[in-house]
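Take a look at the structure below.
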Amino acid sequence: MAKPVRFCTDRLLPSDQMRFQSTVRRGGATRAIMPIGKLWMNGSTLRVRFIGGTAAQRAKAREQALWWTAFANLNFDFNDAPDAEIRIAFDPDDGAWSYIGTDNRNIPLNQPTMNLGFMDGGTAGHEFGHAIGLAHEHQNPAGGIEWNEPAVIKSLSGPPNNWNEATIRHNVLNKYRVNQIQGTAFDPESIMLYFFPGDWVKSGVGTHANEVLSAMDKAYVASAQAYPKSAPTVVDAVELKVNATRRTAASIGKPGEEDLYKFVVSTGGNHVIDTKGPTDVVMRLFGPNSQTDVIAEDDDSGEGSNARIAASLIPGLYYAQVRHYNRAGGKGDYTIRVRRN
């Protein structure tokens, strides 16, 4: 009798806004995709706190976390800060899982954001992929998997998962919509793909074991769509004055490049941050007083293909990240302004 396939669920917060990505003992690989709005600010240092774990477990988690920072413009500080963005437990009865990217900021500080209940192969590397914003590759809308749905449903309806059909479709069969993710072609070599047996797939050929970052994983997290090392960080942020009489002029040379701005809100209330010009840009707002807490993200709410964010802001320091949208066409010039209504 074939051994049952262990799989895991997406845990949702009560707000239903956070998609939880979980891992089972697996052999699997694929190319990473990023749900829109889950990226940390480029150049961020993410603090990590261990909740238990042996010295060997902690060392392995550190080692595999650095697989990503070797290519992505991010850093991990394993300083056990009480308010660390990433908090890792080692509960052997809770599998292996992690929240995705900036969703980690919304988890109560007394709870873990990742669990490493087993650490065979590249499990910790897989989970840190989720922590920096990567999703499961089998839910890539460009994915190459054509499911044998009856076989998947039959397998996961029994032990050890015992799921109903709605849960199976949510966690395995359903894919992200194209407008929910950033990413390109399916990569069967990525560390972010599960192992799937051949009888789950119409072709009869399942996924194979892969426990290290693929070439495409490395290239993608270093690309303009993710965490390019050439992009500006917080120390380079250009200061904007709220309600300045003139708009700030800027230029981004290539699609995918970024500019970073900072501004101080001294009086709380409704604020608008917008761009104008012929350049197609995407904007994200971080704060208050945080380089890792994403408040809002916008693409085309402004004039034409410009970005516009309207939000009620409390006093504090904020960062606006402007990225030239990565597609053909469009010039690099634009202006930006922040004003209080």
Side-chain angles (χ1 to χ4, degrees), residues 3-11 13 18-30 32 38 40 44-72 74-136 159-161 171 190-195 208-214 217-218 221 227 292:
K3 183 179 179 179
V5 177
R6 293 182 59 204
F7 206 83
C8 54
T9 63
D10 284 352
R11 291 183 184 177
L13 296 186
M18 313 306 164
R19 294 202 61 181
F20 170 95
Q21 298 290 326
S22 179
T23 304
V24 297
R25 294 186 191 276
R26 62 187 170 77
T30 142
K38 309 302 184 186
W40 301 96
S44 292
T45 294
L46 305 177
R47 299 165 298 165
V48 181
R49 172 160 60 93
F50 290 122
I51 304 172
T54 65
Q57 287 175 318
R58 293 182 175 198
K60 191 167 188 178
R62 291 189 191 97
E63 175 189 354
Q64 295 190 8
L66 297 181
W67 291 356
W68 296 105
T69 57
F71 302 95
L74 291 172
N75 292 289
F76 293 112
D77 184 1
F78 294 87
N79 62 3
D80 289 330
D83 59 344
E85 288 82 12
I86 298 171
R87 302 178 296 279
I88 304 174
F90 297 86
D91 184 350
D93 297 322
D94 198 21
W97 53 260
S98 175
Y99 287 94
I100 296 183
T102 52
D103 283 354
N104 287 270
R105 291 283 304 188
N106 296 279
I107 311 304
L109 292 177
N110 64 348
Q111 296 179 16
T113 64
M114 181 188 297
N115 190 68
L116 296 174
F118 55 86
M119 299 185 69
D120 49 313
T123 297
H126 178 104
E127 300 310 335
F128 270 96
H130 288 319
I132 67 172
L134 305 182
H136 282 140
N161 300 284
N171 287 285
S190 169
I191 198 173
M192 300 309 295
L193 184 65
Y194 279 123
F195 162 75
H208 59 81
N210 180 47
E211 302 296 351
V212 297
L213 272 62
S214 72
D217 286 337
K218 297 172 183 178
V221 296
Y227 300 105
T292 56

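Numbers for residues simply follow the sequence, beginning at 1.
A donor-acceptor pair is defined here as one N or O able to donate and one able to accept, closer than 3.5 Å; no such pair exists between the side chain of T69 and the backbone of A72. Without hydrogens or angle criteria, E211 side chain to G121 main chain gives no donor-acceptor distance under 3.5 Å. With hydrogens and angles disregarded, no donor-acceptor distance shorter than 3.5 Å links the side chain of W40 to the backbone of L46.
Separation of atoms CD1 (I132) and CD1 (I86) is listed at 9.0 Å; rounding is to 0.5 Å. Atom CD of E63 is separated from atom CE of M119 by 9.0 Å, given to the nearest 0.5 angstrom. Atom CG of residue L134 and atom CD1 of residue I100 lie 8.5 Å apart, to the nearest 0.5 angstrom. Considering NE2 of H130 and CG of N104, their distance stands at 11.0 Å, rounded to 0.5 Å. Annotation: the span from N115 atom CG to D91 atom CG amounts to 5.5 Å, rounded to 0.5 Å.
Looking only at side-chain heavy atoms (C-beta outward), M114 and L116 come within less than 4.5 Å of each other. In this structure the side chain of I107 reaches within 4.5 angstrom of the side chain of Y99, judged on heavy atoms. You'll find the side chain of F90 stays beyond 4.5 Å of the side chain of I51, heavy atoms only.
The minimum heavy-atom distance linking T123 with F118 is given by the pair CG2-O, 3.4 Å. Taking each heavy atom of A65 and F78 in turn, the nearest pair found is CB-CZ, 3.9 Å. Closest approach of A131 and S98 over heavy atoms only: N-OG, 3.8 Å. Shown here for W97 and E127, the closest heavy-atom pair between the two residues is C-OE1, 3.2 Å. Minimum interatomic distance between A89 and P112 (heavy atoms only, all atoms of both residues): CB-CB, 3.8 Å. Across all non-hydrogen atoms, the minimal contact from T102 to N106 is O-ND2, 3.6 Å.
Residues that satisfy the side-chain contact (heavy atoms from CB on, under 4.5 Å) test with L109, not counting sequence neighbours, are D83, R87. Every residue two or more places apart in sequence or in another chain that forms a side-chain contact (heavy atoms from CB on, under 4.5 Å) with D80 is listed here: R49, F50, R58. Every residue two or more places apart in sequence or in another chain that forms a side-chain contact (heavy atoms from CB on, under 4.5 Å) with N79 is listed here: R47, D77, A81. Every residue two or more places apart in sequence or in another chain was checked for a side-chain hydrogen bond (donor to acceptor under 3.5 Å, both in side chains) with R62, and none qualifies. Listed by chain and residue number, nothing satisfies the side-chain contact (heavy atoms from CB on, under 4.5 Å) test with P92 (two or more places apart in sequence, or in another chain).
Put simply, the residue from H126, Q64, K218 that forms a side chain to side chain contact (heavy atoms under 4.5 Å, CB included) with L213 is K218.
Residues F128 and F76 place their aromatic rings such that the two centres sit under 6.0 Å apart.
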